[in-house]
Participant: 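Let me begin by handing over the structure; questions about it come next.
Chain letters run A, B, ... following the sequence lines, proteins first, then strands; residues in each count from 1. Keep in mind it's a predicted model, so treat the numbers as computed, not measured.
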2 protein chains.
Amino acid sequence: MTATQDTHTYENGEKIYVATDCIIFGFDDGILKLLVFERRVKPKQGELSLIGSFVSPNESVTEAAQRVLKEITGLENIFMEELKCYSDTSRDDGARCISIAQYALIRIGEYDKELVKKHGAHWFEVDKLPKLVYDHGDMVQDALERLKLKSRFYPIGIELLPKQFTIPQLQKLYEVIHQKELDPRNFRKKVLSLKLLIPLDKKDKSSSKKGAYLYKFDYKKYKKLEEKGFNFSIFK
Amino acid sequence: MTATQDTHTYENGEKIYVATDCIIFGFDDGILKLLVFERRVKPKQGELSLIGSFVSPNESVTEAAQRVLKEITGLENIFMEELKCYSDTSRDDGARCISIAQYALIRIGEYDKELVKKHGAHWFEVDKLPKLVYDHGDMVQDALERLKLKSRFYPIGIELLPKQFTIPQLQKLYEVIHQKELDPRNFRKKVLSLKLLIPLDKKDKSSSKKGAYLYKFDYKKYKKLEEKGFNFSIFK
DNA sequence: ACAAAAGTGTTCTGCATACACCCATGC
DNA sequence: GCATGGGTGTATGCAGAACACTTTTGT
């Protein structure tokens with residue numbers, strides 16, 4: 001047993017492999033999807049896994065995750081947050097390895113399709129997800145829970161929508177994340193009352209004949225409000 | 001750069017020291033306290049740090065934290081939750097080391113005083129906290145934020161109170177955590193309306209002449225409600 | 001003309017807020 | 001008998017929940 005007093009002396013420490021795995025969510029026309037990756041090499045060749053990497057000695061865990069994300073999707077500066085650390089001794093069948101999982105929310109229209117294809121990654125609907133290797137399935141479940149919780153109080157769902165979006169689109173997103181139907185009148189009222197959507201006087205006609213007004217999210221205003229301790233909740 | 005496809009092949013992985021640090025909160029008669037530890041050995045001898053340990057190859061991070069907590073306080077089966085991973089390359093001045101911080105909430109009357117003394121640990125009031133080594137100060141700030149957030153929606157504050165407690169005690173706890181005065185009538189009404197406190201027909205006279213009724217928290221009932229997706233919030 | 005989705009307004013109810021007084025007891 | 005903290009009740013307002021109809025336009 002490593003004696004408590006000895007942290008930061010290193011003598012009693014043994015090194016461990018440290019990895020990060022990314023749970024990459026996308027929202028495609030009413031459906032929540034996950035970017036997973038088909039393993040091309042042994043072990044577990046042909047099986048599905050999250051996209052991950054070892055953390056190298058000259059980068060933080062966050063940097064490692066950002067590197068991975070860029071490598072696969074070409075995207076930078078996107079929403080990504082630490083989920084939790086997976087460290088069961090039995091989680092892996094090789095050497096001892098812990099993984100700090102991160103979940104990312106991307107706009108599904110914006111990633112680099114060539115890169116994704118090149119790496120053998122595919123989008124799967126979250127509710128039709130096949131088995132993933134090791135504890136990656138748990139990671140996805142935990143990430144879904146987190147998304148559900150966090151999106152109630154923080155506008156992170158916005159990161160999954162195109163920069164310009166309609167209110168029905170936003171509603172559908174919340175319905176999918178929370179697996180719950182919402183009343184369109186009350187939803188609209190609540191969302192608009194927050195005064196965080198900027199109307200654009202443009203319509204999106206892709207999903208109806210009448211067309212729905214486009215909005216964009218007022219990041220600046222939200223940031224100011226957040227600093228003042230502002231807090232909202234979409235449902236009770 | 002570690003290629004993404006190679007996770008779980010280990011060839012490209014380099015090992016890193018993995019530690020865990022515990023942010024141990026206690027609530028002592030209206031004051032929120034933190035258990036910190038005076039370093040007896042070099043480096044940083046005499047400075048204050050959180051209690052931590054390296055994670056050994058045959059234990060999970062959680063197990064390591066539980067081991068540390070037991071070693072220092074004698075306590076087992078207490079509330080502890082992962083906070084986050086601290087992994088900046090510059091966070092330490094020795095070898096590369098990441099730390100997965102965990103915060104724990106203990107009943108300050110129940111720990112083993114001999115053990116704590118033996119290890120050179122002391123309680124400090126959180127708002128009079130001296131400088132801690134490395135990024136431990138950040139960890140404490142982050143833990144306080146988390147405690148604030150989580151205690152609004154989950155009854156984790158209970159873990160800081162004696163098993164039998166009064167409503168004024170509970171209120172004081174919330175006031176300290178949220179740094180906000182609460183109306184005693186409304187607080188009482190809200191708390192009792194949840195029907196999660198079992199009245200004990202006993203009074204605690206330690207803080208008033210009249211004495212205040214003692215209650216205990218109905219863990220079983222809460223667990224059932226939680227499974228059904230029940231959700232409360234102490235404030236708006 | 002009609003189907004399909006977008007958009008609008010009102011009522012009701014419950015919960016958070018604000019607020020003032022009596023109670024029990026040790027000193 | 002008085003100071004100290006504990007305990008109770010009520011009025012108000014706001015925000016969430018429930019709910020039905022009109023608008024636009026492509027076909």
Participant: Could you state the NZ-P distance from B:K202 to D:dG6, rounded to the nearest angstrom?
Facilitator: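 So the NZ-P distance, B:K202 to D:dG6, works out to 18 Å.
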
Participant: Taking everything shown except A:Y213 itself, do over 12 heavy atoms lie less than 6.0 Å from its OH?
Facilitator: no

Participant: Cation-pi check, A:K190 to A:F187: give yes when NZ or CZ is under 6.0 Å from the six-membered ring centre and within 45° of the ring axis, no otherwise.
Facilitator: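 Verdict for A:F187: no cation-pi partner in A:K190.
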
Participant: In the 5'-to-3' direction, what one-character label does each nucleotide of nucleotides 19-27 of chain D receive under the scheme B = base within less than 4.0 Å of a protein heavy atom, S = sugar-phosphate only, - = no such atom?
Facilitator: BB--BBBS-

Participant: For the pair made of CG in B:L182 and P in D:dG7, what is the distance, rounded to whole Å?
Facilitator: 16 Å

Participant: Return each pair, listed once, that meets salt bridge (Lys or Arg N to Asp or Glu O under 4.0 Å) where at least one residue sits in residues 166-180 of chain B; pairs must be two or more places apart or across chains.
Facilitator: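 Pairs touching residues 166-180 of chain B that pass the test: none.
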
Participant: It should be established whether A:R188 places a side-chain nitrogen or oxygen under 4.0 Å from OP1 or OP2 of nucleotide C:dA6.
Facilitator: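 For C:dA6, neither OP1 nor OP2 has a side-chain N or O of A:R188 closer than 4.0 Å.
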
Participant: Using whole Å, what does the distance between atom P of nucleotide D:dG5 and atom CG of B:D204 come to?
Facilitator: 14 Å

Participant: Assuming nearest nucleotide by heavy-atom distance, tell me which of A:S233 and B:P168 is located more 5' along DNA chain D.
Facilitator: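 Between the two, 5'-proximity favours B:P168.
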
Participant: Got more than 12 heavy atoms from elsewhere within 6.0 Å of NZ, A:K220?
Facilitator: no

Participant: Tell me the interatomic distance from A:L192, atom CG, to C:dG7, atom P, rounded to whole angstroms.
Facilitator: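 My rounded result for the distance is 10 Å.
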
Participant: Separation of B:Q169 atom CD from D:dG7 atom P, in whole Å?
Facilitator: 11 Å

Participant: How many Å lie between CD on B:E181 and C1' on C:dA18, as a whole number?
Facilitator: 15 Å

Participant: Within the 4.0 Å heavy-atom criterion, would you say A:S193 contacts the bases, only the backbone, or no part of the nucleic acid?
Facilitator: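 Nothing, no heavy atom under 4.0 Å.
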
Participant: With B:K113 as the cation and B:Y111 as the aromatic partner, state whether NZ or CZ is under 6.0 Å from the six-membered ring centre and within 45° of the axis.
Facilitator: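 Yes, a cation-pi geometry.
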
Participant: Just the rounded figure in Å: distance from P of C:dA6 to OH of A:Y215.
Facilitator: 12 Å

Participant: Run through B:S206, B:S207, B:S208 and flag the one making a side chain to side chain donor-acceptor pair (under 3.5 Å) with B:D204.
Facilitator: B:S206

Participant: Between B:I177 and B:K148, which heavy-atom pair has the shortest distance, and what is it?
Facilitator: O-CG, 3.6 Å

Participant: Base, sugar-phosphate, or nothing for B:S207, non-hydrogen atoms under 4.0 angstrom?
Facilitator: sugar-phosphate

Participant: Measure from CD1 on A:I167 to P on C:dG7 and round the result to the nearest Å.
Facilitator: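 Rounded to the whole Å, the gap is 7 Å.
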
